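Here is how names work: the chains are called A, B, and so on, in the same order as the sequence lines, proteins then strands, and each is numbered from 1. Everything numeric here is computed off the predicted structure, so don't read it as measured data.
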Protein chains: 2
Amino acid sequence: MARMGLNDSKAGMTGLDKQKINRIILEATKGSRFYNNEMRKEKQATERVTRLKAKLTKITQAQRLAALDELKRMENQLETTRDLSRFIVHVDMDAFYAAIEIRDNPSLADKPMAVGGTGMMLTSNYIARRYGVRAAMPGFIGKRLCPDLVFVKPNSAKYAQASKEVRAILAEYDPNFASVSLDEAYMDLTEYLEGRKCTFPSSHVEFTVPQQDLTEDMLKILNEVAPPTVDGVDSYNNCSSNSSIRKVSFGHTIEDVMREIRFKINRKTKLTASAGIGPNKMLAKICSDWKKPNGQFKVEFTRDKIIEFMRQLPTRKISGIGKVSERLLNEIEISNCKELYDKRDLIYLLFSNVSTKFFLAVAMGIGSNEVSSKNYQRKSISCERTFGEISRLADMLVKCQKLCDNLANHMKKENITGRCLTVKLKTVAFEVKQRSVSLKHHTNSTTEMFNIASEVIRSERLACQPERLRLRLMGIKMSTLKRHESDEKSIQDTLTRYFNKYDENCSQSQSTINEASKSFINIEQHKLDEKSKLDKVTCYFSKYDENSSQLQSTMKEASKNCDNMEKVTCPVCDQFYVYKSDETSWLALLNSHIDTCLQQPETMKPSQSHNDSVGSSKGKGVKRRKLQHNRMQPTTGNKTLHNFWQAKDNTHQ
Amino acid sequence: MARMGLNDSKAGMTGLDKQKINRIILEATKGSRFYNNEMRKEKQATERVTRLKAKLTKITQAQRLAALDELKRMENQLETTRDLSRFIVHVDMDAFYAAIEIRDNPSLADKPMAVGGTGMMLTSNYIARRYGVRAAMPGFIGKRLCPDLVFVKPNSAKYAQASKEVRAILAEYDPNFASVSLDEAYMDLTEYLEGRKCTFPSSHVEFTVPQQDLTEDMLKILNEVAPPTVDGVDSYNNCSSNSSIRKVSFGHTIEDVMREIRFKINRKTKLTASAGIGPNKMLAKICSDWKKPNGQFKVEFTRDKIIEFMRQLPTRKISGIGKVSERLLNEIEISNCKELYDKRDLIYLLFSNVSTKFFLAVAMGIGSNEVSSKNYQRKSISCERTFGEISRLADMLVKCQKLCDNLANHMKKENITGRCLTVKLKTVAFEVKQRSVSLKHHTNSTTEMFNIASEVIRSERLACQPERLRLRLMGIKMSTLKRHESDEKSIQDTLTRYFNKYDENCSQSQSTINEASKSFINIEQHKLDEKSKLDKVTCYFSKYDENSSQLQSTMKEASKNCDNMEKVTCPVCDQFYVYKSDETSWLALLNSHIDTCLQQPETMKPSQSHNDSVGSSKGKGVKRRKLQHNRMQPTTGNKTLHNFWQAKDNTHQ
DNA sequence: TATCATAGT
DNA sequence: TACTACTATGATA
DNA sequence: ACTCATAGC
DNA sequence: TACTGCTATGAGT
Ligand SMILES: Nc1ncnc2c1ncn2[C@H]1C[C@H](O)[C@@H](COP(=O)(O)OP(=O)(O)OP(=O)(O)O)O1
Ligand SMILES: Nc1ncnc2c1ncn2[C@H]1C[C@H](O)[C@@H](COP(=O)(O)OP(=O)(O)OP(=O)(O)O)O1
Ligand SMILES: [Mg+2]
Ligand SMILES: [Mg+2]
Ligand SMILES: [Mg+2]
Ligand SMILES: [Mg+2]
């Protein structure tokens, strides 16, 4: 089954021995519950294909002609939105988490490694990718593919810090840039580029690169800078290459500006980024993968060249066309965008209106070029955990309580409430169920959420009778969100309620359970005495981040309680600091301290290289720390269709 | 030069290709400043050998006979102190730091790895040892010996926690056990063993070992338990070995008790320990290395068998006979203890009285069997750092200030003052100088110490004129210590002074420098503006521990300042907790929380295995944290002679 | 008492 | 990029 | 509005 | 020991 096989749609994974890799993967997974579930899904998907094919056979020539007629109108309409005037860039860090761990432990540089554990890998370096080891693969399979694979556990704070440093650089060029995730962002460099050309050469900057920065990665960037041209104007674009120190200036073409950005990223973080340049986000995104790692690619900005570029492109390369869509398209003999265009009439007859329009735009090389960090608002917020099998109601309610508590904390910090609560359940057979309830009013109260959720759980256990409901995961999601204004007063209210709750939290959590589970106590209470086996969750940042975020709120509270001093502990170096609350800059000071800490990993984990800090005491150079949300705050969604039509044609159905 | 070659006096390092290893080590180090200094030391040592040999040639037969006469008296005296009645045990964890890191990241289990970095390795696992990679070797040489070597940075808190868990188990058997370092301890099991035999079989315990604990390591321990004997009494000593779960009882022999202890250690920590059993500490220590890793050895408890055991023993195996002593002995053709005894007349004539007595006792298999945690008192306390080369006075004073500040903090926490201050300086040529000063009174004040130390440094710079004093390390040591009683009042005073200092620390530190360096400001002030290159120190726990210890004191202060609540942040999970100060148990509660945290490493660094903690919030199961010194508190010294005579013959000169 | 060297983890 | 940090004792003057 | 599936990092 | 956690959208009801 292709479903179980290697998913090679990632940079650095071409030309592998897929045969061998798939055999190993299959051996490792065959017979497992996970495998059985994949087979079940596979069947479902195959059925979908069957339905599609059935539909296909019923299509008449007349229908196809009518479709082409309608498509012509659609195409004309789309063509009017084609815009080649903007320079859109997509920047994506290479093997992001892995690169950071390697930077901080260079002995890993020449080894296959992955960030994660035997349960799940979040990413792998390019060496490991040669073995078929990739993100979203369980570690134990990675280990079979590559017995020398080394695992490193994720350190979310470091990734967030690196991300922040990168974004600071991007902001210099487009203050409105939109981040998609910790490691990627879109930018619109049109305005910047014009500015640069206008003020040229007064805006010209020459960078001096000290020897220690001249790594192989850095040289690759510098050596691609266009050499000086003959006419004097471009002669600034040169790289003096005397012995050790090197001077470099970047030109004012879009390519050179991108090289400058990648140069600054590497200089600041020692990480490499790749970039794609195109007239819209769809094309830029495709291009950023083109020369990965540590490369960049620009599609030519003419209608013909763009269409030529698209025609040869496998459909799977388009963000939004995944494993299943690819397969569906394959069934009607579409594997690249030329065929996608040629068979657009079939698409029209077989797929939905939205999909048709999406496919058509893709085939034409058209997409949204709106880049903005202003319009993004989160639409849902959730918390879920995998654990060892449970089936007793009491166990489920304990999990549920924790999830609700956690989720409520995050909602309070973001000052949002929600009206739709969704419970997600995954059985030990990996089947996922979700049950959602619309509430009478918006809420972010732990108790309220728990009461609803526990009802849902109870009813779900009954619904599957006489089978036992055997769970491996539970999740709570809130959607239909409302944002509450964050003027001082309302923040204070929320925080106050939060802290009230905190103070009575221990007993409240308990009583919530007892209250909500009155009905089953007689039946199940006696089982509570059995010592429950220690579940372990394979999860990633969330738990860590929850800890630190609560720490932050709680610290804020603590300092309020005391006096007019802010007392905080740096989560990196564990050092304790006291600031005057009335100095408005204390938070900024703290932030800067955290930056410093993170820039010196050897402060906490010495043994790498010399560093004169004796950690003598708290005075000395001012040290400081940051309060910010621990959840990533993207400034744009990453779902293709969203990106795609966002602010271009959002009137569409 | 043997001096530079591999030091294979460690478990797991026999049968290596020393030729090849030494060649690689030599290649890596030849020509370095370190190497040159080793050559210098080598010369010195050789000179010592020459003097010894000169002395040797002048020895007459008469002298030797006289010596033997005197030795006879000595020997008789020693023989009276021979005591075979006590069961002394030495327990030493296997590849301690490395084993912990492997336990917490099992993907390292089959790889050569070391704890430390490219600068210095603190230990290595047994796989790496096969390549000649060992503790106290710089990482970059390890890397040459074994290019696949993986480095893991040290995590002192984890080692301290594991050590604590082990010691808790040891205490069950000998509450007076004496720890030597984080990973080893002596015990006297005589009393325990008698108790166990008396109450037998009522004291008999059967352990149930769940399947997941039945690792290879564990099985090795269990399978060595003596099988049931024919006479009914011993039949408790059995291992039921049905399918998965296994039951085991340990007998009441010293060996079985040790297996029980090692069993409990492995069950609790997943680490392995090795043990040596003998009638005194010297023999127990030798024996604990005998079957490393995860093994144990008992020397037979008769005078003849002990002497037989010693006779074949290379001198280097005795704790206290190091590289140099071994070589000196080799020069008079002594390489094992038989020869050590046979040539005791030469020893008597060539070595000091103390050494002679030591060597003689060793050869006779005699040593101290006093095990106690009560009598230990620290004799000195110090702080030192390596950094990038400095030679300006201003730079030196900055380092010195930090060292003094740090040292003072630690002394205040231990409530001690000192009267002898020693400044240690290591030049870039690795030459070590020390200068000590006896003060008029005991002190632990940063300022006072800094004033003295900076005078020493100034004079040392002048003393080496016209050469520049070029340093790579500076250290401050205080000795001739006085302990101050820790009744409430005196603690309060010390803490108060400490916090007073802390509050003005920033400015005080600065002013101290300015004041103490008045004389050079005119000359050197202008150089202070040059941006000094960022030094990096390769050092191990101290910086980390300093941070956390200060955190703890500082937190204590913070909570005093506020109200009657104790507010503390768990250094492991970063969670913030509040306790009522008047609940006397708050500290214990906290300690227990930290234990819990450390037992669940995946709470902070998830991705390994399932664990149901959502980190929901602060209530729930009570969580808590510990205040304890971050410096290891041994309960006995580890210097052989100290161990050796301690409380056995401490009247000796 | 002061300095350097050896030894241990 | 690169040979530790900390404690204790012995030898010698 | 609700459920399930797909998709991306 | 062992197949994530989070967010968003589309399709079908
Ligand atoms: N399936 C996943 N689950 C959780 N985290 C993920 C997953 N995939 C990726 N991540 C995290 C780890 C990645 O380093 C980071 C950025 O993802 P992504 O850009 O797709 O890959 P990458 O940066 O690791 O490699 P590259 O971009 O070079 O292909 O997001
Ligand atoms: N030279 C050193 N410098 C700093 N720390 C050290 C040094 N040698 C050992 N340590 C630390 C790391 C060790 O894991 C720990 C215990 O030392 P030790 O018992 O001698 O070796 P070990 O426990 O690592 O291996 P083993 O005992 O199996 O030979 O002390
Ligand atoms: Mg990436
Ligand atoms: Mg990405
Ligand atoms: Mg050990
Ligand atoms: Mg040891």
Side-chain N or O of A:R316 closer than 4.0 Å to phosphate OP1/OP2 of E:dA7:
no
Under the 3.5 Å rule, do the base of F:dC3 and the side chain of A:T29 count as making a donor-acceptor pair?
yes
Using a cut-off of 4.0 Å on non-hydrogen atoms, how would the nucleic acid contact of A:F96 be classed: base, sugar-phosphate, or nothing?
nothing
Give B:D183 one of three labels, base, sugar-phosphate or nothing, depending on what nucleic acid heavy atoms sit under 4.0 Å from its own.
sugar-phosphate
OP1 or OP2 of E:dC4 versus the side-chain N and O atoms of A:K424: is any pair under 4.0 Å?
no
Phosphate-side-chain proximity, B:S382 and D:dC6, N/O vs OP1/OP2 below 4.0 Å
no
Verify the contact: side-chain N or O of A:S438 to OP1 or OP2 of E:dC2, cut-off strictly under 4.0 Å; return yes or no.
yes
Looking at every strand, decide which applies to A:Q44 at a 4.0 Å heavy-atom threshold: base, sugar-phosphate, or nothing.
sugar-phosphate
At less than 4.0 Å, is any side-chain N or O atom of B:S436 found next to OP1 or OP2 of C:dT3? Yes or no.
yes
Protein-nucleotide distance (B:K323, atom NZ; C:dA7, atom P), rounded to Å
8 Å
d(A:Y97 OH, A:S156 OG) to nearest 0.5 Å is 8.5 Å
Residues passing the ring pair (Phe, Tyr, Trp, His ring centres under 6.0 Å) test with B:F430, sequence neighbours excluded, are B:F34
Once side-chain hydrogen bond (donor to acceptor under 3.5 Å, both in side chains) is applied, do any residues pair with B:Q44, and if so which ones, sequence neighbours excluded?
none
Would you say a side-chain N or O of A:S352 is under 4.0 Å from OP1 or OP2 of F:dA11?
yes
So, is B:R40 close to the C:dC4 phosphate, meaning a side-chain N or O under 4.0 Å from OP1 or OP2?
no
Stems involving DNA chain D, each a run of at least 3 consecutive Watson-Crick or G-U pairs under 3.5 Å
C:1-9 with D:5-13
side-chain contact (heavy atoms from CB on, under 4.5 Å) with A:A11: which residues, sequence neighbours excluded?
A:Y126, A:R129, A:D289, A:K292
Tell me whether the side-chain N/O atoms of B:Y376 come closer than 4.0 Å to OP1 or OP2 in D:dA8.
yes
Listed partners of A:A45 passing side-chain contact (heavy atoms from CB on, under 4.5 Å), at least two apart
A:R3, A:R327
According to a strict under-4.0 Å criterion, is B:R419 in side-chain N/O contact with OP1 or OP2 of C:dT1?
yes
Return the set of residues passing ring pair (Phe, Tyr, Trp, His ring centres under 6.0 Å) with A:F351 (not counting sequence neighbours), or none when no residue passes.
A:F359
Whether B:R144 contacts D:dA2 is assessed here as follows: a side-chain N or O lying under 4.0 Å from the phosphate OP1 or OP2. Is that the case?
no
Please check the phosphate of C:dA7 (OP1 and OP2 only) for any side-chain N or O of B:S325 closer than 4.0 Å.
yes
Can you see if the side chain of A:S32 gets near the phosphate of F:dC3 - specifically, an N or O under 4.0 Å from OP1 or OP2?
no
Considering every strand and a 4.0 Å limit on heavy-atom distances, what is the contact class for A:R33: base, sugar-phosphate, or nothing?
nothing
Do B:T386 and B:R472 pair up side chain to side chain, a donor and an acceptor below 3.5 Å, judged on atom types alone?
no
Side-chain N or O of B:R378 versus OP1/OP2 of D:dT7: is the shortest distance under 4.0 Å?
yes
Looking for any heavy atom pair under 4.0 Å, which part of the strands does B:K143 touch: base, sugar-phosphate only, or nothing?
nothing
Counting only side-chain N and O atoms of B:T118, is one of them less than 4.0 Å from OP1 or OP2 of D:dT1?
no
Partner nucleotide, any strand, of F:dT9 [Watson-Crick/G-U, under 3.5 Å]:
E:dA5
Counting the atoms with a prime plus P, OP1 and OP2 as sugar-phosphate, which does A:I141 contact under 4.0 Å by heavy atoms, base, sugar-phosphate, or nothing?
base
